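A short write-up of the structure that comes next.
All values derive from a computational prediction rather than experimental measurement. In the text below, chain A, chain B and the rest are named by the order of the sequence lines, each starting its count at 1.
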Amino acid sequence: MSLAQTDKYYLPQPSLWPIIGSVALLTMAVGGVMTMHHMNHGGWVLLAGVAVLFFMMFGWFGEVIRDSEAGRYNKQVDSSFRWSMSWFIFSEVMFFAAFFGALFYTRVLSVPWLGESDTMQQLWPAFKATWPTAGPGLTADGLKFTPMEAWGIPAINTLLLLSSGVTVTWAHWGLKKNNRTQLILGLAMTVALGVTFLGLQAFEYHHAYTEMGLTLGAGVYGATFFMLTGFHGFHVLVGTTMLIVMLLRSLAGHFTAEHHFAFEAVSWYWHFVDVVWVLLFILVYWLI
Amino acid sequence: MSDAAHAHDDHGHHAHPAGIMRWLTTTNHKDIGSLYLWFSLIMLFTAGSMALLIRSELFEPGMQLMHPDFFNQLTTMHGLIMIFGVIMPAFTGFANWQVPLMIGAPDMAFPRMNNWSFWLLPVAGIMLLGSFWLPGGAVAGGWTMYPPLFIQGGVSYDLTILAVHIMGLSSIMGSINIITTILNMRAPGLTLMKMPMFVWTWLITAYLLIATMPVLAGAVTMLLTDRNFGTHFFNAAGGGDPVMFQHIFWFFGHPEVYILILPAFGIISQIIPTFARKPLFGYASMVYATASIAILSFTVWAHHMFAVGMPVAAQLFFMFSTMLIAVPTGVKVFNWVATMWKGSLTFETPMLFAIAFVCLFTIGGFSGLVLAMAPVDIQLQDTYYVVAHFHYVLVSGALFSIFAGIYFWLPKWTGHMYNETLGKVHFWLSVIGMNIVFFPMHFLGLAGMPRRIPDYALQFTEFNQIATVGAFIFGFSQLVFLYVVLKAIKGGAKASDRVWEGAEGLEWTLPSPAPYHTFETAPVVK
Amino acid sequence: MKSMWQRAGAIGAAWGVSQSALADYAYNLQPPVSKVAQDVFHLHNLIMLVCVGIFIVVFGAMFYSLFKHRKSVGHKAAHFHENTTVEIIWTVIPFIILVGMAYPAAKVVIEMKDTSNPDMTVKITGYQWKWGYDYLNDGVQFYSTLATPREQIDGTAAKDAHYLLEVDQPMVVPVGKRIRLLVTGNDVIHSWWVPAFGVKQDGIPGFIRDTWFKADKIGTYRGQCAELCGKDHGFMPIVVKVVSDEDYKAWVARKKGTAQAAAADNGKTFGTAELVARGEKVYQANCAACHQANGMGLPGTFPAINGSKVATGPIADHIKVVLNGRPGTAMASFAGQLSDADIAAVVTYQRNAWDNKTGDAAQPADIAATRGGATAAAAPAAAL
Ligand code: HEA
Ligand code: HEA
Ligand code: CUA
Ligand SMILES: [Cu+2]
């Protein structure tokens, strides 16, 4: 912290990390396509890409953290981070909107269309349009599944995530009061809740696949169910990872009561993940 | 501009890698802007060559040069690359070069991320173009990627989906960067309503991008899982609907076409006042019109789907909302004309392209309006009339504005004036060539020629031949453009700081060429 | 206001009619032969006219300025840069013009969408790459494929007048009757389009969307598939013959006769040579578009049948592929498209043509057995 916050905008040096990231994504994409088409070594190529991506993230974020801890980020840089994180979260909202839109469209429009008038009479004579459904063709082929019940694991998961929103805020208060114990305790609890959520979610998926006949392939219900909850679960995973990083940084003495945007960004993200879950709980699990 | 007083700063100008490493690692907005623009130019020649192949096959009835499937690959890749590889990168290149200069910022808000946004594009480019050499060839399902056709294809289809993801990532990061730069890094005193129009249009475009690219990502993700992981989003047997893809795609797709034109409006709004020597007419209404276009663009998407058989209420709603967009767009056209009115006009190449833009874009807008009439669109959907419409707004719209912008700012970027005579030659060849290619397509469409066909019935022969001749004129005149640009980079008359007599704005207070680092201390705008 | 629009419409119509003198409407929509197409035609003319009018006013002003307000003629720049009144005017006037355009357009939309009270109903299915017609009232069923010979496409023979717009079996409808169409797709989205009727309707797999037309004049009308549907999208034309009521009845009777004869084949047993000969025709009409006449397919897209493990392995698997298709690929199920006799023939042909010399044969009865009871009822008339 030798250099006090300058009034000049911090411009980083040329950096190799972006191009490494590009190589990583290219490798991952090629590996992914090879895997999907069952080509030899596809999995290894994919894994190599992921490894390079992790290497890039460690390197790049590490650099950002060092810059930050060295006090190179002034007020203006801080507010740049705030704008960018908000709009990043907005773009995530739109990504989920596509899948919620698909759920709405199939449930409210296309499934009823399949079960009425000419479409039903000419093409799917045996189809009864109800929700949840695996669709006329799969149902006729004898596909059966049990829909997911809201008041079991999902309800518990809702409680877990809602509490984790509280604990992360509590941690934030601690940080602002310079109460490091509260910060670390709050973060640790949040991480624990996140991990538990993921564990229960994994259990639920396992149960769905092995006992309920509910799979990705179970018609639009299965598709929307797993894609929505799956992408959400992935976001919880990412959020938990970021929380763990925040926890480690807190333990290492990073952040000050005034200057801790990384922490705030993660908590914004966590709250966003929370809100998505509440929507999921209502629209995917509850109102079947 | 970098005075000694600041030399001790920790982000000094030392240790810049040279050669290829400079470009791979650069965090300088001017370098990155140039990278975007070069990438775009190379892709223009690539996708343009595909267009010339398409036009050659269509020169006369019968299959002469290629297999139908290869023709479809060319059409698809031509569309994808022109949109994602030419127009969008070119505008982002302009944003990189100009936004910091116009708002008095030292660079973009996130220089490293800026670098990544660019360097993702070649990755996507390799994946798209590389798929021509894969078994089964490149994607042939149209740039709109409609299932179930898109579900049928082979390896290259998955590669293309992932390329779209990567381009989306690039656009989202680029937009976040631009929004943050504009909102947070303006020079003191430069209030929002004093910003140059180009900056305004990019701000709004960036919002469109972050609102729609994730939706496209969602749509292609569903394609990917339908193809590979057994989901049934777009398959009626599983309760899905192929048309659902079209809704999601066009929810992205229509705002996308304004992403391709709003920055063009911005460039034109910088150029016309300069050569009319008169301030832009109706600045405030320009801003509001741009915002209205952006907002309305989210409510019109199903005008691409009038023939799928929507309920009548939906058809009427989308028809009316689409027509409404003509109002704010008209405001822009009228404002440009009013800016020229009673000006003191001169006609350097940028101005010529700008005038052609206003005139020819309006023709494209009018044909858009004809298509907005649902009953007429049902006749014209998927015909060459649509091809004519969108090439008027994209070639004589987006592409011409890019030419205009390059001629306008090239002296500032290189420090040299381009050759005005050759610029004018390029202009006239382009305008004439462009109209020869695309005007007859209106007639073809009206007469009933479907688009995306490699061979056609005899009554369409004449107009197709005219169009093909025009395509070669237009295509080869772009070699003139390439020559003019290269020549101006190499040398030429020294450009003054202001470059154009009527130029206004911060960028013209800088020396030409603009130094590598500019506005390290923010200028104050009164 | 209203009278002005009527006048504009009249001028538009007059302009449209005068076009007929010029090169057969080559600059405008095809000559309409239904009320809807007629209305669309006029609507288009009206809108064109309005747009041309606005264009002349706006760009008249602009070009006037370009000439008069040049620096080279010594014009000095004025300094005005806003004027709320004008700006409001040029927001409101276009809006009013648009309302004037929206009203007639909405009327046509509603007219097009009204499929009630049809005289007859035809179900149309798009296949890669042919059209299937199913006359729900008269029980006639057939497929319609491109009839232009390969040589004309490749340029080794002269192209005839209806190059690419000729089919083996046209759709036939009576004149002056309201015909409701139930359009769907079998594999991918196609679009059934006959410009002269003002009808275009996408055929969406798994859904039925309806539309209608009433042809006013006896004649032959041509259209094309209007939605990209893969390799041969440009080669699946539509031909509709509009005939008198009597001619229509006669046509229906003729169709039924051939269908019965074909159905009778399903009960027969054939010799291998007979099957191969018949199978070659079925193959050329239904399979060669993908698997190619020489059986080599297109590497990476369509597999070769020549030397294929399926076509040289157990015959039961071969029959299953043809009956059920391969879901998720371009290989569609042919159970509904081909009769038992035709499937037996094409399978036998594939197993004995080129280098595939298995020597075995499938009989219609084998196909019926593989189908099982449930789908056999749906077996339609022969495609040939
Ligand atoms: C830069 C890109 C761009 C722009 C700006 C536009 C602008 C418009 N487009 Fe276009 N469009 C495309 C790119 C673009 N389009 C593309 C790529 C496709 C095809 C995609 C595919 O299928 O592959 C397409 C297709 C397309 C269709 C679907 C056609 C079909 O497939 O059947 C329709 C239908 O409504 C349409 C309408 C419009 C309208 C009403 C506008 C309006 O914004 C135009 C407004 C402008 C004006 C009207 C002119 C100026 C106004 C005045 C001078 C005021 C006075 C005017 C009046 C009162 C009339 N467009
Ligand atoms: C911004 C977008 C953009 C631009 C600039 C263009 C530019 C051109 N387009 Fe294209 N076009 C689209 C976007 C664009 N297009 C889209 C979105 C589609 C729809 C795709 C789909 O249906 O899915 C389409 C479809 C399309 C079709 C319809 C194809 C079909 O339906 O089957 C045609 C046909 O003529 C065509 C032609 C042209 C031509 C002649 C040009 C010319 O302007 C090109 C000019 C040529 C050059 C600039 C090349 C210069 C090259 C040389 C001089 C050779 C030298 C070579 C080297 C040095 C390597 N385009
Ligand atoms: Cu069928 Cu295009
Ligand atoms: Cu649109």
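A distance of 6.5 Å separates CZ in C/Arg209 from OG1 in A/Thr119, rounded to the nearest 0.5 Å. Residue A/Leu123 holds its CG atom at 5.0 Å from OG1 of C/Thr184, rounded to the nearest 0.5 Å.
By the 6.0 Å contact criterion, CH2 on A/Trp83 is open, its count of non-hydrogen atoms from other residues, nucleotides or ligands being 12 or less. Around atom NE2 of A/His41, no more than 12 heavy atoms belonging to other residues, nucleotides or ligands sit under 6.0 Å away. The environment of C/Lys214 atom NZ is sparse: at most 12 non-hydrogen atoms of other residues, nucleotides or ligands sit within 6.0 angstrom. Remark: A/Tyr209 OH is packed, more than 12 non-hydrogen atoms of other residues, nucleotides or ligands lying under 6.0 Å away.
At least one side-chain heavy atom of C/Arg180 sits under 4.5 Å from a side-chain heavy atom of A/Asp118. By the 4.5 Å heavy-atom criterion applied to side chains, C/Leu136 and A/Gln122 are counted as neighbours.
At a 4.5 Å heavy-atom cutoff, the contact between A/Ser110 and chain C is made by backbone and side-chain atoms alike.
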